[in-house]
Amino acid sequence: MSKFSDITGPALERALELVNHAGGSIKGGGANAAEWLKAGAAIGAMKTGGRAVTRVAKRNPTATIAVAAVGLGLLGYALYRKNKRDNEAVEAKSRQIAQRRRHAASVTDETSDIGSDA
């Protein structure tokens with residue numbers, strides 16, 4: 001007689017629940033496994049690419065400096081364009097406010113001349 005043959009009602013039900021839960025977790029884990037596989041592949045590609053870049057940089061330091069300078073130039077140009085676009089939006093907003101103020105100042109208040117002889 002084995003140890004498991006003495007399991008009674010509630011203990012047996014709990015054991016079966018745990019087995020079913022574990023089986024469901026394994027079945028549902030397939031979707032997560034695909035995501036983990038993609039993440040692992042991306043990390044592996046990044047490591048391999050980093051090694052390749054390091055090798056090229058060691059063999060061609062002048063080309064590495066040139067590529068870095070071009071990259072910094074492109075980054076600077078992108079920041080310049082972004083700041084220019086943001087400043088244009090602020091200036092357009094300030095023009096709208098100035099136009100509203102001019103319009104409000106040019107409108108005469110008709111209630112101010114109540115009681116006047118004019």
Are the side chains of Arg51 and Lys47 in contact, using a 4.5 Å heavy-atom criterion?
yes
Quick check for you: to the nearest 0.5 Å, what is the distance between Tyr77 atom OH and Lys84 atom NZ?
7.5 Å
Rounded distance [0.5 Å steps], CZ in Arg81 versus CG in Asn83:
12.0 Å
Which atoms form the tightest heavy-atom contact between Thr64 and Val56, and what is the distance?
OG1-O, 4.3 Å
